[in-house]
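Below: one structure, written as structure tokens.
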Protein chains: 2
Amino acid sequence: MSLDGPTMDERIPRDFETLRATILDRRESLPKRIAQIAAYALDNPDDIAFGTAASIAASAGVQPSTLIRFAQQLGFDGFTSLQQVFRERLRERNSSYDERLQALRAKAEGGAGHRAIFDGFVAAASTSLDDISRTLDDAHLEDAISLLAKAQTIYVLAKRRSYPVATYIAYALGKLKIRNQLIESAAGLNAEMIAFATPADAVIAISFSPYAPATIEEARTISEQGVPIVAITDSSFSPLAQFARVWFEVAEADFAGFRSLSATMALAMALTVGVGEKRRDMGRKRKG
Amino acid sequence: MSLDGPTMDERIPRDFETLRATILDRRESLPKRIAQIAAYALDNPDDIAFGTAASIAASAGVQPSTLIRFAQQLGFDGFTSLQQVFRERLRERNSSYDERLQALRAKAEGGAGHRAIFDGFVAAASTSLDDISRTLDDAHLEDAISLLAKAQTIYVLAKRRSYPVATYIAYALGKLKIRNQLIESAAGLNAEMIAFATPADAVIAISFSPYAPATIEEARTISEQGVPIVAITDSSFSPLAQFARVWFEVAEADFAGFRSLSATMALAMALTVGVGEKRRDMGRKRKG
DNA sequence: TATGGATTGGAATTATTATTTCATATTCCC
DNA sequence: GGGAATATGAAATAATAATTCCAATCCATA
């Protein structure tokens with residue numbers, strides 16, 4: 001009475017991720033040889049995309065007919081339509097990292113419309129991330145996190161272009177329930193705010209060339225009070241570097257006169273969440 | 001005497017880059033139809049990798065036999081072996097990009113130290129950028145820029161996690177000498193600020209789930225005043241979307257509970273600089 | 001351990017696809 | 001402008017690959 005078959009309303013997977021999920025889901029209930037080809041398909045998706053039914057079957061150690069049964073069991077009408085999904089997957093994943101960046105840059109430079117601008121910013125952000133993940137020094141990261149984790153209050157100091165990073169740090173520290181103070185210029189009370197900082201506190205200062213004079217001045221003042229500073233800046237000649245206990249050099253790529261913030265943001269978040277984690281560890285040790 | 005043919009020592013390109021160079025090199029000396037398919041091949045390498053001789057030929061506007069002649073002229077013995085090169089390219093480039101991100105994610109998940117946290121944020125940012133550059137709709141971008149370029153004042157509305165983006169937009173608009181107003185909560189005068197906005201202005205509103213109620217309320221008020229809104233949000237169900245004239249869906253990857261901002265930042269910068277450019281064009285037309 | 005149903009292997013068949021061929025058109029050189 | 005060499009189009013042919021079919025095997029159940 002019950003008539004199974006392709007006319008049933010079982011949805012046939014159109015994209016690779018759905019297909020993968022479907023296969024994983026049914027894994028247990030599949031016959032031995034079908035399961036064998038299913039495993040092969042998930043392990044060697046490229047082979048499915050490029051091979052012929054015969055070659056794939058041979059590699060997986062089954063008969064071509066089994067491969068077709070596998071496809072049909074998933075709701076496709078044959079191997080060919082199953083293969084389409086595997087090919088689509090390769091198509092959609094765009095070029096290798098380098099090719100991708102090259103393509104973006106080319107589009108950004110050659111292209112006419114506003115899409116080119118967008119591509120330019122994406123390329124700049126990618127380049128910056130690439131760069132920082134290669135150059136970041138693990139030891140500096142550890143040092144900075146230790147230093148900040150010990151602070152009673154973390155002051156965050158940044159102006160102009162770096163200010164968005166500062167606000168994100170303040171937001172994240174707040175969510176992690178870490179006492180912090182964003183030094184903003186709005187009310188003109190910076191000097192007073194800074195005066196409260198003691199050597200038991202710490203500062204995250206962010207400034208890039210051309211360095212906002214106010215940031216540098218405030219960093220000087222605060223370091224003279226004996227408050228340790230973690231600096232994020234763009235060169236070892238940066239005036240910030242000389243006041244800092246630990247400092248990071250972050251090279252952000254720019255486009256259309258605006259530098260990316262992606263690398264700085266990633267570092268800022270790592271510092272923030274790192275401090276949060278360290279604090280939890282310290283709390284546990286003290287109690288335990 | 002001179003015996004041309006496949007036995008000559010002309011090297012047949014085995015990898016895509018060599019092939020590309022070879023084609024570019026001979027471009028001038030190729031017959032019309034062969035040149036036509038050569039151009040098509042370099043412009044649509046994916047089609048060559050997956051299509052059939054007939055389908056490719058049709059897309060390129062030539063006969064299948066021409067496609068084969070093209071392959072032979074490059075030293076291959078037929079279309080099939082030429083196609084191999086295009087397939088190999090897809091295979092290789094894919095693994096490199098995937099492996100890259102997977103490696104980062106693996107390090108982030110497996111790694112012990114704080115470096116793992118950092119890698120996690122870099123991976124999240126990369127993924128987000130990757131994603132947005134695939135999904136961003138060019139037409140929406142154009143619409144949004146046109147709309148904003150016409151505005152007398154651009155209001156920027158964002159709270160909490162989105163606030164850093166808003167501050168960067170405000171900074172960039174300021175540098176481009178475009179009149180703008182950041183709607184901040186500090187002084188509690190938001191309602192008064194918003195009341196100044198007219199239909200001749202425009203708003204960039206940014207909010208992600210969980211949507212800050214204040215942002216939604218302010219967006220509603222301002223849209224009821226007839227001020228057009230460009231929204232950046234994370235889902236078509238977002239309450240922001242319903243008030244917006246144009247809206248962008250940006251899916252940011254997250255790590256350790258904090259979402260990346262890299263994709264949103266890239267989009268924000270593209271909008272800002274796009275508006276700056278459009279304004280300059282408009283000014284030139286009016287004068288000329 | 002017999003029996004029915006599901007699963008599998010392998011060859012036969014059908015379909016699709018690459019390649020070849022040949023007539024026609026175009027180009028280039030004398 | 002004429003003729004040879006080259007290039008192109010279109011259909012015929014050859015090759016390759018997908019699919020189907022049926023007999024053999026396996027497995028669970030009575």
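Computed from a prediction, not measured in an experiment: that's the story for all the values here. Throughout, a chain's letter reflects where its sequence line sits, starting with A, and its residues are numbered from 1.
Contacts between chain A and DNA chain D, taken as any atom within less than 4.0 angstrom of a protein heavy atom, begin and end at D:dA17 to D:dC21. Put simply, chain B comes within 4.0 Å of DNA chain C, heavy atom to any atom, from C:dT17 to C:dT21, going 5' to 3'.
How far CZ of A:Arg33 is from OG of A:Ser65: 11.0 Å, rounded to the nearest 0.5 Å. Taking CG of B:Asp131 as the start and CD of B:Glu249 as the end, the distance is 10.0 Å to the nearest 0.5 Å. The structure places CZ of B:Phe16 at 6.0 Å from CG of B:Leu42, a figure rounded to the nearest 0.5 Å. Distance check: B:Ile37 CD1 to B:Ile48 CD1 gives 6.0 Å after rounding to the nearest 0.5 Å.
Residues satisfying the ring-ring contact (aromatic ring centres under 6.0 Å, His included) criterion with A:Phe258, sequence neighbours excluded, are absent altogether. B:Asn44 pairs by the side chain to side chain donor-acceptor pair (under 3.5 Å) definition with nothing, not counting sequence neighbours.
Taking the nucleotide of DNA chain C with the nearest heavy atom to each of A:Ser29 and A:Pro64, the more 5' of the two is matched to A:Ser29. Taking the nucleotide of DNA chain D with the nearest heavy atom to each of A:Arg69 and A:Ser55, the more 5' of the two is matched to A:Ser55.
Of the residues in residues 30-43 of chain B, those with a non-hydrogen atom less than 4.0 angstrom from any atom of DNA chain D are B:Pro31, B:Lys32, B:Arg33, B:Ile34.
Nearest heavy atoms, B:Ala124 versus B:Phe255: CB-CB, 4.3 Å.
Under the side-chain hydrogen bond (donor to acceptor under 3.5 Å, both in side chains) criterion, the residue pairs touching residues 250-263 of chain A are A:Ser128-A:Glu252, A:Glu252-A:Ser260, A:Glu252-A:Thr264, A:Ser260-A:Ser262, with sequence neighbours excluded.
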Item to check | Full working for side chain to side chain contact (heavy atoms under 4.5 Å, CB included) between B:Leu30 and B:Gln73 | outcome: CA-CA 9 Å; B:Leu30 291 174; B:Gln73 206 153 111; 3.2 Å; yes
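One finds no salt bridge joining B:Arg20 and B:Asp15 here, because no Lys/Arg side-chain nitrogen approaches an Asp/Glu carboxylate oxygen to under 4.0 Å.
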